[in-house]
Structure formats: structure tokens, C-alpha cells
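I have placed the structure first, in the form of C-alpha cells, so that the comments after it can refer back to it.
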Amino acid sequence: MSSHTSAPILPLQPNAPDKKRLFTLDNRYIAPIFITCILLVGNLTFGILESYQKTLLAIITSIALELVLSRIFYGKFAHPASAYITGISVGILVRSPAFWPYALCSAISIMSKYVVRIKGRHIWNPSNFGISVLLFLAPAVVASLSIQWGNYLLPMLIIWFLGSAIIWRLRRFHITGIYVVSFIAFAFLRSWMTGSPWQSEVAPITGPMYQLFIFFMITDPKTTVRSRKWQCIVVVIIALVEMLMRLDQVVYAPFYALFIVGPIAMLIEIWLDARRKNAAQLAVAH
Amino acid sequence: MKSRQIARVFLTILFVVLLATPFLIKRITASKAADKAKTDEKTALARHGFYLQEVSHAAGIDFVHEEPKLDPKLDSIMPEVASMGASVSIVDFDRDGWPDIYVTNSAIGSKNHLYRNMHDGTFKDVAEEMGVADVNKAGTGVSTGAVWGDYDNDGYEDLFLIKWGRPELFHNDHGHGFTPVSEQAGLPPWINANTAVWFDYDGDGLLDLFVGGYYDENIDLWHIKTTRIMPDSFEYAKNGGRKYLFHNLGNGKFEEVSEKVGINSRRWALAAAAADLRGTGHQDLFVANDYGVSELYLNDGNKFHEAGEQTGVGFAPKSGMNAAFGDILNQGKYSIYVSNISEDGILIQGNNLWVPKQGTSGDGIKYENLARDFGVELGGWSFGAQFGDLNNDGTLDLFLTNGYISADRNRSYWYDFSKVAGGNSTIIGDAKNWPAFDGRSLSGYQNKKVWLNDGTGKFIDVAQAVGVTDTHDGRAVALVDLWNRGVLDVVVANQDGPLLIYKNTVTPEDRWIEFDLEGTRSNRSAIGAQVTMFWNGQEQMQNVSGGSGFAAQNDRRLHFGLGKNPQIEKAVIRWPSGKIQTLDKPAANQIYKLKEPE
């Protein structure tokens, strides 16, 4: 059975000495702890959440569904870390006065991993799938996080620093780094094309929505291609598609860009894998 | 293996159903709304008990608000920075027993209008002859609102003109004209405010004045030195205008005491209202702030302490644009309505209806936001709102106006707005970083809300059904029985748009009662007086207000709907002085003119 992660989660070194393990944080917990810190600090200092109850609903729905579905389809309970990240992402990113979108978004996110599978792999980052679908289908009651952290510099820098350190440890920093560089380059290009002040084009990436996007969505190992080189290429394409959408004034361009580009990249990789496997089998047969 | 396949099929079906859920909910909601809108006057009367007809032209009012044009350095985002100024306040300035209407204009050189009630269904603009028209002269700023209160207790309501500019206090010369007295009163030379409230915070029988700044008072918006005038955060901005509390010294002079009494904030105030929320006999002050949390200043008679977080109303930051009190459950407790921004798919702040939590009262009072449960949460880019019993059924309804900038119908500024609003303070705070509006709309052409209270904690929007079909950029709402008929009419001031008079027709079976109060020991305007009606085993409390909603003031006369065949027990008046007066079994369908007993 493959685990169903939605964030960078790498296994511990199998030969790590026990004593060291006692003092080394299991990588599976790093992302959940980080995102929990974002949530708690954000809410205690700036009141970022719609309500604790709504976030809790998203988390509980996500974890409960993950446990039930993994038990049904794979015969054992999946580790809840991934579902926890999905739930908490939904709890932070979805903004709605109603309760049901939180439960629905979490449910769609988790179920997408079990329903939409190609050759045993799910191709969408779960929370990206759930949030994109909901923003597209239920705009009257759902928006996404667009403003938080008081628009101040210090909280933003702290999260960027911690997020970068963690993502570095998880060996995914190249994805985040290249995306950020691409975004900024495309922002200047947009500014040149549209005549908008460059500050307004760069502004979105300074917001918290992007912090969750670049640290938790685009780096998801289960829904990114395996090759480091192609990871870099794909993330540039995501930024490019996002830029094109932004030229068309699509507010949630990053979510939709990942929603479109991510699965296509995955499908190409799956197709290439299958072709390589077939070729190898043919070679063996000959 | 087979069971897993069945499970997978089942899961796939469930997944598709879940994906379709938002679509189905939308369809059902739209179908219900369409059904509600399909009515005419007769049906509206039969179904909802009232009908509103826009009669401004027939009433002799053809006022169209002109918006301000500020420093050219702000040209690219002028529609946004100059998006306020339309206001309406109700006053019987000549004490003839018929309410008059004062409306502000906001272009340099434009005139404010004072519409005298001619008692025959029409109004006549007398602002010029009364001396309160030409108040938007170059170098003095422009009007953004007006509140009336008899600060010298001579029996005639005086006018405080709220401005982005030099604030003006006008003394009412016994209904024959107005004299500007700002200098003698000791008012500051410049405030960029959108809200002010008359109330007697210390109970000395003299009306004091709260003024809430929006832009920093050191900025002359027509001659800005820097483009860094915007809020430094969309949700936590603290670089707005300061607050003022002018203590009435009783000799025509006021002393600014805000800091001394504990009001010290630079949030971007847009609306304020005062009422005794805790039963202490002192009026507490609620301030709704743009770009941040609301503030609730609890008043102990000579000191305030800010209790927004403590009471629950000041934690989640939104874009507060309205403050109105209403005893919506007929329990003798005020709820507070604050309007915010909701735009499909982009920003769903939702309006707040702060209802006192069960079991809390007095100093321990806490509020919870029940706007969603009560059905008054989503009102677009909401501005002014007021509570009033529009169909005289005995429960307070809610009229909300909305719409921010209506320009090109096919092009929206929302994308650019959301882009910048989510950015860092160094970006958002500087107007030059904001993309040009370029003729685009921002939450324009919105349908208004007339939420009818069914008495069980549910409000239903009947705006389209009862004749409120305009889509102007609404700002201020004032409720008043314009023609002494026992019904609440609605006056709406629109930014860069016409003043609307919605004349109300109510089924005559529903009864009413009104109270026109005059203080003696208390301030003569009786602002802060509280009337509680007891009938049919229920009670409803209302408060004479010195300004509420957004840039508005309802008539000081209090109007109660009583429903059909009311069994009236009593009316209890608590005057600001603390004096309690009880009227046993007052008759329905009467206007009671009451003077505070000596």
C-alpha cells in the first residue's frame, strides 16, 4: 500500500541509531507541526480563522474519512499526518460563513485520492483539488484566504524562514525556490505588459495564502513528478500558467494553475513510466 | 476483492454527488429567490404586510449626490478614495411636528440640502436660506455626514456637520436659520471623519459629541504631500484618523477629552452609535472600523474602557461600515448590526449580528455573531443599515443598502483589489502601488436587502418583492415616519446617485404607537432615553439615538409596531437622567408627545 500524503513526508533513515531517533523528530510530523504553529500563532495574534469549530470540522472530516477509506480499500489505517495537513489547510484557506463548505471541501479532498487514481497514483494534491473545485463551483459561499498576518513584514519573514528551513530538510526547497523566482520574474513581466505598478504584481506572494501554497501544495511528493529536473520545469510551467491566468484577472490563479498543470505532469510521467516498463519487458522477452 | 470493487463504485457515486452539491444548493437558493421576487404591491401587502414605493420626485426631491474629487495624485484610484460622502439625517429643525431631511453633498462647491416637510407629501429645500447649504467650499473640505442634537437645550436641534475637512457646528436659531459656531465651540481645524454621535456620556444633561476619524487628520486630501495615505493593513490598520470626544461645558464650548476618558484609537472608524447596553444608565459607545476590528467602549459615567475582545465583538477583523442597535427578539436586549463586505468567490466576510449571549448581562455581557443563523449575513458590499418595524407586526426588521462602485458593468476591479489587499503593508499603504481603476466597477449594481423579521429569529429578504429594486451605490439609510401616518418610511442616500424616498404602505390592521420625547433634567433632545413597550406578553426596547447606521440619523421619534389587536400593558420610559416614567395602557395608533417629568 502506498501512503497517501499531501505534503512533504520522507521516511526516517532505516539504520538510524535508536538513541539519535529519540531526539530526532520524525519527518512525518514536521509539516503538521509547522502548519499547526502557523494556525495557532496566526489565530492567537491576528485572529486568522473563521472559527476554531470550522477548522476543527475540516480536520475531523479529513482524518475520519482518511481512516475509513484506507481501512476499506487497503485493509489498514493510514497514518493521519497527511489527512491532518489536508484538513488544516482547508480550515485555513477556505473562508466561508457556513459550516458545510469546510466538511465538503475536506471530504472532496480526501476522496479525490481514492477515486481519481491512475496506475495506483493519485494525481491531484488533495487540498488543491478540494479548494479549487469549491471555489469554482460555490463562489457564492466560499472564498479563499486572501489577507492575513496583518499585512506586516515580520510574521511573513518568520514563516518564510521556518518554512524554507523545513522544506530544505525535506529536500524540496528547489521546488519552492524556483517557483518564487519564477513568480517574481513573471510579476515584473506582467507589470511591463499591463502597466500595473510592479509592487501590486508582486504583492500576492507576500500574503499568507501563498505561504501555504508554496510550502504545502506544490511540494507534495505524491503529486509531483519524481525527477528533480522535471520538478523544476513543472513548477516553472505552473508559474507560467498562473501568469497567463492572472493576465485574465483570475483571482485564484495559483490554485487553478496547479490544478491544471500538476495532473498533466503526473499523467505524462505515468505514461512514460508505463512505456519504459513495457520497453523493459520487451527487452527481457527478447 | 469484490466488496472493495462495490465500495469503489459506491465511493465514486458519492464523490460525484458531493461535487454536485454546491451546484444543487445554488440552484435551489436561486429558485427560491426568484419565487420571492415575483410579486406586486397587492401581493406584497397580502404576503408581507407592507409595500415601499420610491416617491422622491413626486415629493419634490431631485437631489443627486456629487462625490468628492481629491488630489490629482490619487486620480488612478479616485473612485475608491472618494467613495463616501452621501449621508442623510432626519430632524424636525423647526419644531412643527413634521420631520425634515438633511442630505450632504461632497464635491467642492456643491450644496447640502435641508428639505423642509411641507405637510402635504412634498418637501422644499431651504438649506440656502437657513445657511446650511454652502458648506463645501474649497479649502474647507467636504461633507460626509450630519448629526443633530440640541447641545444648548434651547429646544431646537443643532447641527454637527461631519467632514473630510473643517468640522462645522451650526447653532439652530429657533428654526429661522443656523449660525456657525465651530470656533467658539473649540472644534479642531480639520478632521477626516465619516461618523459622529451626539450622546450625554457623563449624564450632566448636556449633549457631548463623539467624532471618529477615518483618514489621518493631518492629511488635507486635496493637497497630499505623499501617496502613503492608505491603510497599512487590510485587517489590522492603525494609521487612520484619531478619535475625539467633545465634552459639552454648557457655555457653548466643548473640551476634547477622548484620551482622558480612555478613548484612544487610530483605527479607521466608519460608523458609531451609542446605547446603554448593560443597563447601567450610561450609554456605551460602539465603533465599527474599516480595515480592522470593531471597538466597544463601555461607559462607567466618566471613563470608558474598550471591551471589544472581552465582549466578543472585537476579535475577528473585517471592514465595519455600520453600527445599529435593535431589540430583535423582543427581549429587552439590544443586538448590534455591523455591515462588512461579501463578494461571491472573492471575499466573504459576512455581516455581523452581535446578539447578547444567553445568560450574560451587565459588565459580564458577551456577544455572539448570529448573522448567519438569523439570515442577515450576506449583503454584498454592505453599507448603511437600520432596524425598524417596517410592517408594524411587532418585530424589528432590517433595511440594508449596499453597492460600492458602479461603473463599467462588464469590467471589475476585484482582481486588482484582492491582489493588493493581500500584500504587505509597505505595498498596500501607498496609493501609487494600487492599479488604476480605469472605469471598472467594484461590487457595483447590487440589490438591496429588506430583511423581514418573522419573530422567531429568522429574517427573510423581501426587497424585490416589496418594491426596493434600485441598484445605486447606497451609503446611508434613515427610518422615519415622514408624514405622521404611523408607518416607517425609508430614506436612502446614494453615493454619486439620487436621494431615494421609499414611502411605506402598511396593512391598516397592524397597529402602532410612537413617542416623541423631550428632556427637561436630561438633554432636551432626549438622546439616550429608552422606551420599553410591554404588550401581548412581550417587550421591545428602543433608544433615542444621536446618530446610527452609516452616516445617518433616524428620526428621534420612536416608532413601535404592535401587530393586530394588541393588548398593550404599558410603556416605560427611562430618561437619560435616570428618571423612570410609566404610561399605563397607552392607546395604539397614537403619537405621544412626552416631556420628562420634573
Side-chain angles (χ1 to χ4, degrees), chain A residues 46-51 69 72-73 75 95-101 104 107-108 111-112 114-116 133-153 156 194-210 246 248-252, chain B residues 3-4 7-8 11-12 14-16 18-23 25-26 29-30 76 231-237 293 309 315-317 342-351 369 371-372 377-378 411-412 414-416 418-430 432-436:
Chain A
F46 290 102
I48 64 168
L49 294 181
E50 282 280 322
S51 74
L69 294 179
I72 291 173
F73 292 105
R95 316 297 282 178
S96 174
F99 275 85
W100 64 263
L104 183 67
I108 290 173
M111 285 167 78
S112 74
Y114 292 86
V115 174
V116 191
V133 163
L134 218 61
L135 287 172
F136 189 73
L137 293 176
V141 282
V142 175
S144 181
L145 172 70
S146 55
I147 36 175
Q148 270 171 25
W149 295 117
N151 309 69
Y152 298 131
L153 202 59
M156 186 188 87
T194 62
S196 284
W198 66 266
Q199 293 92 336
S200 74
E201 296 299 339
V202 172
I205 206 165
T206 64
M209 181 178 89
Y210 268 86
R246 285 194 170 279
D248 194 36
Q249 308 211 333
V250 176
V251 173
Y252 299 119
Chain B
S3 62
R4 275 192 192 162
R8 192 168 294 281
L11 183 67
T12 306
L14 183 63
F15 184 63
V16 172
L18 287 182
L19 288 179
T21 302
F23 178 72
I25 289 175
K26 192 179 172 186
T29 313
S76 63
D232 56 9
S233 163
F234 197 79
E235 293 189 316
Y236 308 95
V293 296
E309 279 199 29
F315 191 64
S342 295
E343 175 71 17
D344 283 7
I346 297 175
L347 182 61
I348 312 282
Q349 288 182 333
N351 297 341
N369 177 22
R372 180 162 193 83
E377 183 167 51
L378 300 179
R411 296 188 306 130
S412 168
W414 259 113
Y415 168 76
D416 280 324
S418 66
K419 203 170 59 178
V420 178
N424 179 259
S425 61
T426 51
I427 295 171
I428 186 176
D430 194 337
K432 76 172 163 47
N433 294 336
W434 289 66

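Letters A, B, ... mirror the listed sequences (proteins, then strands); counts begin at 1.
- Using a 4.5 Å cut-off between heavy atoms, S412(B) touches chain A through its backbone atoms (N, CA, C, O) alone.
- With a threshold of 4.5 angstrom between heavy atoms, L104(A) approaches chain B through side-chain atoms but not through N, CA, C or O.
- Within the 4.5 angstrom heavy-atom criterion, atoms from both the backbone and the side chain of R8(B) approach chain A.
- Heavy-atom minimum distance, A143(A) versus G345(B): CB-C, 4.0 Å.
- With respect to chain A, the highest number of heavy-atom pairs below 4.5 Å among L378(B), L14(B), N369(B), L11(B) belongs to L11(B).
- Of the two parts of W100(A), only the side chain, counted from C-beta on, holds a non-hydrogen atom closer than 4.5 Å to a non-hydrogen atom of chain B.
- Tested against L19(B) for a side-chain contact (heavy atoms from CB on, under 4.5 Å), the candidates L134(A), V115(A), I108(A) yield a single pass: I108(A).
- Judged by distance alone, with hydrogens and angles left aside, the side-chain atoms of N433(B) form a donor-acceptor pair with the main-chain N or O of I427(B) at under 3.5 Å.
- Both the backbone and the side chain of A7(B) come within less than 4.5 Å of a heavy atom in chain A.
- Considering only heavy atoms from C-beta on, W414(B) stays 4.5 Å or farther from D344(B) through its side chain.
- With a 4.5 angstrom heavy-atom cutoff, L18(B) touches chain A via backbone and side-chain atoms both.
- Contacts between V142(A) and chain B at a heavy-atom distance below 4.5 Å involve the backbone alone (N, CA, C, O).
- The shortest distance between side-chain heavy atoms of W434(B) and P197(A) does not fall below 4.5 Å.
- Checking side-chain atoms of R95(A) against main-chain N and O of Q349(B) turns up no donor-acceptor pair under 3.5 Å.
- Using a 4.5 Å cut-off between heavy atoms, T194(A) makes no contact with chain B at all.
- Heavy-atom pairs under 4.5 Å with chain B peak, among Q199(A), E201(A), Q249(A), at Q249(A).
- With a threshold of 4.5 angstrom between heavy atoms, D416(B) approaches chain A through side-chain atoms but not through N, CA, C or O.
- The closest side-chain heavy-atom distance from Y415(B) to D248(A) is not below 4.5 Å.
- Contact of V250(A) with chain B is made through the backbone alone, with heavy-atom distances under 4.5 Å.
- Taking each heavy atom of E235(B) and P317(B) in turn, the nearest pair found is O-CB, 3.0 Å.
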